[in-house]
Asker: 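Before we start, here is the structure in question, set down as C-alpha cells.
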Amino acid sequence: MTEPLREAIRGVWNRVDFADRRVSDTVDRTDIVGRLTGADYISLAALFVGWGSALLFFRGAPNWGLMVMFVAFFLDKVDGWYARRTGTSSPFGRQIDSFIDIFAYLLPAALLYHVALAPSPVASLVVGFLLFAFGGLRLIRHTNEGFGSDGGDSYYHGTTVVHTNLLVVANYFLASFVGLWNGWLAGVLVGAACPLMVSDYKAYKTDLSHGLAAAVALAAGGLALAMELGYV
C-alpha cells in the first residue's frame, strides 16, 4: 500500500465518529432482543420450522413439507398458550406472532399451491398474490385491533390465515384423490376465499375451534405421511 493511499484511508477513518452512529439509550430506543419473552422464542422456533417446510416445498416434496408445516402450526399455538400461562401477553408479542404467521401459514400455502396444484405460472402468480395481499392485510389489522369481544367471547375479525391455509391443504388432497378436481378449481376456490380474511365475519376463538383445527392438522399430517410412504 502506497503512503498517499494509507494517508487517505487514515483521513477517512479519523473523520468517522462511530460513537455518533450508535443509537443512544433513550426512551425512543427499542431493545428488540431484550424484550423477547419465552413465548417470543417459541414463535421464532415456529419461524425456523416454517422456513424448513418452505424449503421442502421448493425441493418438490409437498408431503414432507406439509408434515413439517404442521409442526410450525403446533409451535404457533404453544407460544400463545405459554404467553397466557406466564402472563407475558403484550401488543409487542402480538406483532411478533403476526410476523411469524406469514412464514407458518401464508408462505407454505402459496408454495403448496405453486408446487402441487398450479396449472400454469399465471395461476400461481395470482393465487400467491391474493394469499399474501389479503393475508398480510388481515395480520396487520389483527396486530392493530386485537381480538373482538362479543358477550365475553373473543373472535377474530375475518377468517384467519389458518382457515385459508387449511383450504389450500384440502384442495391438495382433493386433487390427489378426486379425479375431476384440478388446479384451476382449486385456484378459483382459494382466490375467492382470500377476501374473507379482511371481511366482517366473526371467527370465534374457542377451545372447540382450536380442538377442531388440531384434529384437522393431525389428520392431514397423517394422510400426507401415508401418501409419502405409499399406503394410499
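Source: prediction; values computed, not measured.
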Asker: Any chain of hydrophobic side-chain contacts (each under 4.5 Å) joining Phe99 to Ile42?
Answerer: no
Asker: Heavy atoms only: give me the nearest Phe57-Gly65 pair and the separation to one decimal.
Answerer: CZ-C, 3.6 Å
Asker: Which distance, rounded to the nearest 0.5 Å, do you find between the CE of Met69 and the CG of Leu111?
Answerer: 10.5 Å
Asker: Determine, using the 4.5 Å side-chain heavy-atom cutoff (strictly less than), whether Leu166 and Phe134 are members of one ILVMFWY cluster.
Answerer: yes
Asker: Establish, from distance only, whether the side-chain atoms of Asn171 and Tyr113 form a donor-acceptor pair under 3.5 Å.
Answerer: no
Asker: Could you check if a side-chain atom of His210 sits within less than 4.5 angstrom of a side-chain atom of Trp81, using non-hydrogen atoms only?
Answerer: no
Asker: How close do Phe73 and Ala104 get, heavy atom to heavy atom, and via which atoms?
Answerer: CE1-O, 3.3 Å
Asker: Evaluate the side-chain proximity of Leu36 to Leu44: yes if any heavy-atom separation is below 4.5 Å, no if none is.
Answerer: yes
Asker: Run the side chain to side chain contact (heavy atoms under 4.5 Å, CB included) check on Tyr201 and Leu196 step by step: do they pass?
Answerer: CA-CA 7 Å; Tyr201 174 76; Leu196 296 176; 6.0 Å; no
Asker: Stepwise, does the side chain to side chain contact (heavy atoms under 4.5 Å, CB included) test hold for His114 with Val127?
Answerer: CA-CA 9 Å; His114 174 70; Val127 172; over 6 Å; no
Asker: Using the rule that Ile, Leu, Val, Met, Phe, Trp and Tyr join whenever any side-chain heavy atoms are under 4.5 Å apart, tell me whether Val169 and Val216 fall into a single cluster.
Answerer: yes
Asker: Compare all side-chain heavy atoms of Asp40 with those of Phe92 and state whether any distance is below 4.5 angstrom.
Answerer: yes
Asker: List the steps and the verdict of ring-ring contact (aromatic ring centres under 6.0 Å, His included) for His157 and Phe147.
Answerer: CA-CA 7 Å; His157 198 171; Phe147 293 101; over 10 Å; no
Asker: Would you please name every residue forming a salt bridge (Lys or Arg N to Asp or Glu O under 4.0 Å) with Lys202, sequence neighbours left out?
Answerer: Asp150
Asker: Pairing donors with acceptors under 3.5 angstrom, does anything connect the side chains of Thr143 and Ser98?
Answerer: yes
Asker: Heavy atoms only: give me the nearest Ala192-Pro195 pair and the separation to one decimal.
Answerer: O-CD, 3.3 Å
Asker: Is the closest side-chain heavy-atom distance between Thr206 and Tyr155 below 4.5 Å?
Answerer: no
Asker: How close do Met227 and Ser176 get, heavy atom to heavy atom, and via which atoms?
Answerer: CE-OG, 3.6 Å
Asker: Are there over 12 heavy-atom neighbours, none belonging to Leu229, within less than 6.0 Å of that residue's CG?
Answerer: yes
Asker: Quick check: does any side chain N or O of Thr164 sit under 3.5 Å from a backbone N or O of Thr160, one acting as donor and the other as acceptor?
Answerer: yes
Asker: Would you say Tyr156 ends up clustered with Val198 if hydrophobic residues are merged whenever their side chains have heavy atoms under 4.5 Å apart, either directly or through other cluster members?
Answerer: no
Asker: Return yes when atom OH of Tyr204 has more than 12 non-hydrogen atoms of other residues, nucleotides or ligands closer than 6.0 Å, and no otherwise.
Answerer: yes
Asker: Would Val232 and Phe177 count as a side chain to side chain contact (heavy atoms under 4.5 Å, CB included) here? Give the steps.
Answerer: CA-CA 9 Å; Val232 293; Phe177 296 108; 4.0 Å; yes
Asker: Determine yes or no for a side-chain-to-main-chain donor-acceptor pair under 3.5 angstrom, with Asn144 supplying the side chain and Arg141 the backbone.
Answerer: no
Asker: Within the supplied structure, the quantity of interest is the number of heavy atoms (other residues, nucleotides, ligands) at a distance under 6.0 Å from Trp64 CH2; does it exceed 12?
Answerer: no
Asker: Counting distance only, does the side-chain N/O of Ser43 pair as donor-acceptor with the main-chain N or O of Ala39 below 3.5 Å?
Answerer: yes
Asker: Could you tell me if the side chain of Asp97 sits less than 4.5 Å from the side chain of Asp79, heavy atoms only?
Answerer: yes
Asker: If hydrophobic clusters are built by linking Ile, Leu, Val, Met, Phe, Trp and Tyr wherever their side-chain heavy atoms come under 4.5 Å apart, do Met197 and Val188 end up in the same one?
Answerer: no
Asker: Less than 4.5 Å apart, side chain to side chain, heavy atoms only: is that true for Ser53 and Pro108?
Answerer: yes
Asker: If you count every heavy atom of other residues, nucleotides or ligands that lies below 6.0 Å from Tyr82 atom OH, does the total exceed 12?
Answerer: no
Asker: For the atom pair CG (Leu167) and OG1 (Thr159), what is the distance rounded to the nearest 0.5 Å?
Answerer: 9.5 Å
Asker: For Phe173, does the CZ atom have more than 12 heavy-atom neighbours from other residues, nucleotides or ligands under 6.0 Å away?
Answerer: yes
Asker: Taking all non-hydrogen atoms of both residues, which atom of Pro62 and which atom of Ala116 are closest, and how far apart?
Answerer: CB-CB, 4.5 Å
Asker: Under the criterion side chain to side chain contact (heavy atoms under 4.5 Å, CB included), I'd like the reasoning laid out for Tyr231 against Leu223: C-alpha separation, chi angles, the key distance, then a yes or no.
Answerer: CA-CA 9 Å; Tyr231 290 119; Leu223 183 56; over 6 Å; no
Asker: Rounded to the nearest 0.5 Å, what's the gap from CG on Leu131 to CD1 on Ile102? Could you check?
Answerer: 12.5 Å
Asker: Using a distance-only test with no angle check, is there a side-chain donor-acceptor pair under 3.5 angstrom linking Asn63 and Tyr172?
Answerer: yes
Asker: Can you give me the closest heavy-atom contact between Leu107 and Ala54, atom names plus distance?
Answerer: CD2-CB, 3.8 Å
Asker: Within this structure, what is the OH-CG distance for the pair Tyr105 and Leu139, rounded to the nearest 0.5 Å?
Answerer: 10.0 Å
Asker: Between atom CG of Leu47 and atom CG of Leu75, what is the distance when rounded to the nearest 0.5 Å?
Answerer: 11.0 Å
Asker: Given a cutoff of under 4.5 Å between side-chain heavy atoms of I, L, V, M, F, W and Y, with clusters grown through shared members, what are the other residues clustered with Ile140?
Answerer: none
Asker: Are side-chain heavy atoms of Asp76 and Asp101 found at a separation under 4.5 Å?
Answerer: yes
Asker: Classify the ring geometry between Trp51 and Phe58 as parallel (under 30°), tilted (30 to 60°) or perpendicular (over 60°).
Answerer: perpendicular
Asker: Rounded to the nearest 0.5 Å, what separation is found between the CG atom of Leu117 and the CG atom of Asn182?
Answerer: 9.5 Å
Asker: Short question: side chain of Ser124, backbone of Ala118 - any donor-acceptor pair under 3.5 Å?
Answerer: no
